[in-house]
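What follows is a short report on a single structure.
Each chain gets a letter, A, B and so on, in the order the sequences are listed, and its residues count up from 1. What you see below is based on every heavy atom in this structure, not just the backbone, and it leaves out hydrogens, waters and symmetry mates.
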Protein chains: 2
Amino acid sequence: MPTNKSTKVPAAASRITMHDIARRANVSLGTVSHVINGKVSVSDEVRARVQKAIDELGYQPNHLSRALRTNRTNLIGMVIPDITNPFFPSVVRGVEDAAFRANYRLLLCNADNDPAKELAYMNDLSSFMPAGIILIPSDNHKLPTLGQYPLVCIDRQPLGWNGDSVTVENFEGGKTAAAHLAQLGHKQIAIVQGPENVSTVGDRVRGFLKELKRRKITISPEYIQASSFDQEGGYLCAMRLLRLVPRPTAIFAANDLIAVGALQAVKASKLRCPQDVSIIGFDGLSVTDFTEPALTSVVQPSYQLGHAAMRLLLSRIEGDTAPPRHIVLETQLKVRDSAQEPPTTRR
Amino acid sequence: MPTNKSTKVPAAASRITMHDIARRANVSLGTVSHVINGKVSVSDEVRARVQKAIDELGYQPNHLSRALRTNRTNLIGMVIPDITNPFFPSVVRGVEDAAFRANYRLLLCNADNDPAKELAYMNDLSSFMPAGIILIPSDNHKLPTLGQYPLVCIDRQPLGWNGDSVTVENFEGGKTAAAHLAQLGHKQIAIVQGPENVSTVGDRVRGFLKELKRRKITISPEYIQASSFDQEGGYLCAMRLLRLVPRPTAIFAANDLIAVGALQAVKASKLRCPQDVSIIGFDGLSVTDFTEPALTSVVQPSYQLGHAAMRLLLSRIEGDTAPPRHIVLETQLKVRDSAQEPPTTRR
DNA sequence: TTGTAAGCGTTATCAG
DNA sequence: CTGATAACGCTTACAA
């Protein structure tokens, strides 16, 4: 180990600054700035000299000092509930791709499904002077008054939020799922819904029920179970449903993890899916490819969700002051192997 | 729509600064800084006055200007191949949790498995004066000379990299997998390995082969297939293997997605897993819970990988100048249902 | 077309 | 213990 009497880390070799460029190119600091930003015209000769110096010294502008001056960074704050939830990575990717193309960078925060942590992050983010923020709320709690940057909410909507948003047609998606089961001939249909304080869930279930009603299919209260948004919850709720008499011939799960749990419950009950019980999920996670049978599911365009949100945010950043926009993306039924005709009507 | 003659967005209400605090508390700017940073002692009376002003005005320090002065932000740059790959989210989460606790924030970049994009991001990151960088390399390409901040490499190792790193015992993990299959009685064992330019893969396969050799189990070259790191690759390679005579009784897959593909190939070939063909994967992704049968796999501690890397980085940030450290985490065999005795030796 | 200088919000040095 | 003041690296009027 090298002897080092000083307790301090030696100062890192400092970066190349515009001063260095100016000195080497024999021009003033302002001129360097002019060629870099291209807002003020500069003679070709000087421009070339400056450019040469930039290349030779490998100069890279300092985002921070620039931000301090212009009052805005090229940072986009993104606050999500939990990157570990398989629905979110592709949303994040959608945001990042759109951001990267426009030369913005992503400051990612996991609020951990904790509104307090979410708030802490939102406040903290403002210290970075972000160009804008994208939020996937942890639940539908009310948002405190925001800072001075544009904000777009994705997926779930905070209570009373009427700023920009990008969501999917949860209500329509629910209807689609109901129509599919009804068309297959199901009459005994059960629902495993998710947590009540998540706005998307309510919409899905309401759409589902509405479509059933339209088709004069009634569903008694004990056929509706509320679960957490995971596999265990789906398993437990489905177990309860499968013991009912008459046993439901189909189960609508409010998301795919619940659907996977329900599938396991069917198997654990020595029943077959889809021959005895059909299952239909929501989300279109890739895990639905791997189950046996592959899950029929209402697919959300998760990547598009992020991408659209970022594009909307960009327009705000560029000064678009139109009234709040609410972009709603379509869902799509992906028919696979977990739903077919109910046993009684089978030929 | 409101009439708005000006094309410019009205200047946002500017944030509260230290000047505002100073004015309200009737002290100088420097004094405010002193109470905030606590490095210089301040009389209780003045401290209270300043603190009161801070609370009343809801002051939050500006990270950017602070960074400009101190030459360091509380940002951690993290460059990963693709957040959409199910192995990475939990690594990211591990990093973020450790970072958050120490009051650092995460700047996340998807290099998209593209070394050029990776390099671009690494350069760009330095413009934010990050306190440090965590990199999961896209492949084993050589790293260019880095900037002045500490860097920790996770998982895959760049060629010639001898700085700090956190990896898992891929070699040992491979041996474990081999030992498990051998103990079950398998003799006809095949391998579907991943891309050659990813350092982790080679280690897994080498460990696997070494253990087989030690046990005097030979494996002919056509039993080893190279696949991409995904399900399709696994499916195709496994299909080829299953047509060989004698047919392998077990397949070692270099990662879980490959294993899932292999499982589908077994089913498509009208064979049963594990009765006819055993499969063992690597990673311990949650998808292995959902397949039928559930996959036996060598589990990597992905969250720990990120967490340990961030803690190592923190120690560097705080000035630890010890020689490069190479942390190697253990893998663990998770025995589930996809591997059992080969058909011939079954009682 | 080029240069000068003020200022963004902090920290840190040095007098008072 | 408190207060001026320079400096961090950059942008931007404005002057030359």
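- Partners of A:D164 under the salt bridge (Lys or Arg N to Asp or Glu O under 4.0 Å) rule, at least two apart in sequence or in another chain, are A:R316.
- Comparing C:dT2, C:dG3, C:dG9 by their nearest atom to the side chain of A:V42 picks out C:dT2.
- Between the NE2 atom of B:H19 and the C1' atom of D:dG3 there is a distance of 13 Å, rounded to whole Å.
- Counting to the nearest Å, the P atom of C:dT2 and the CZ atom of A:R23 are 20 Å from each other.
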Summarise how protein sits on nucleotides 11-16 of chain D as a single string, 5' to 3': B when a protein heavy atom is under 4.0 Å from the base, S for sugar-phosphate-only contact, - for no contact.
BB----
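- Across the interface with DNA chain C, nearest-nucleotide mapping of A:R47 and B:L64 shows A:R47 to be the residue nearer the 5′ end.
- When each of A:T17 and B:D44 is assigned the nucleotide of DNA chain D bearing its nearest heavy atom, the one mapping closer to the 5' terminus is B:D44.
- Going from atom CD of A:E45 over to atom P of C:dT2 covers 8 Å, rounded to whole Å.
- Scanning for salt bridge (Lys or Arg N to Asp or Glu O under 4.0 Å) contacts around B:D139 gives an empty result, with sequence neighbours left out.
- The distance between atom CG of A:N71 and atom P of D:dC10, rounded to the nearest whole Å, is 17 Å.
- Qualifying salt bridge (Lys or Arg N to Asp or Glu O under 4.0 Å) partners for A:R49, counting only residues two or more places apart in sequence or in other chains: A:E45.
- The shortest distance between side-chain heavy atoms of B:L108 and B:E96 does not fall below 4.5 Å.
- If you take CD1 of A:I54 and P of D:dC10, they are 10 Å apart, rounded to a whole angstrom.
- Residue pairs meeting the side-chain hydrogen bond (donor to acceptor under 3.5 Å, both in side chains) criterion with at least one partner in residues 73-85 of chain B, sequence neighbours excluded, are A:R93-B:D82.
- Within a 6.0 Å sphere centred on CG of A:D55, other residues, nucleotides and ligands contribute more than 12 heavy atoms.
- Between A:M129 atom CE and C:dT10 atom C1' there is a gap of 10 Å when expressed in whole angstrom units.
- Atom C1' of nucleotide D:dG9 and atom NE2 of B:H63 are separated by 19 Å, given to the nearest angstrom.
- Counting only residues at least two apart or in different chains, salt bridge (charged side-chain N to carboxylate O under 4.0 Å, His left out) contacts with residues 62-81 of chain A are absent.
- The separation between B:I16 atom CD1 and C:dC8 atom P is 15 Å, rounded to whole Å.
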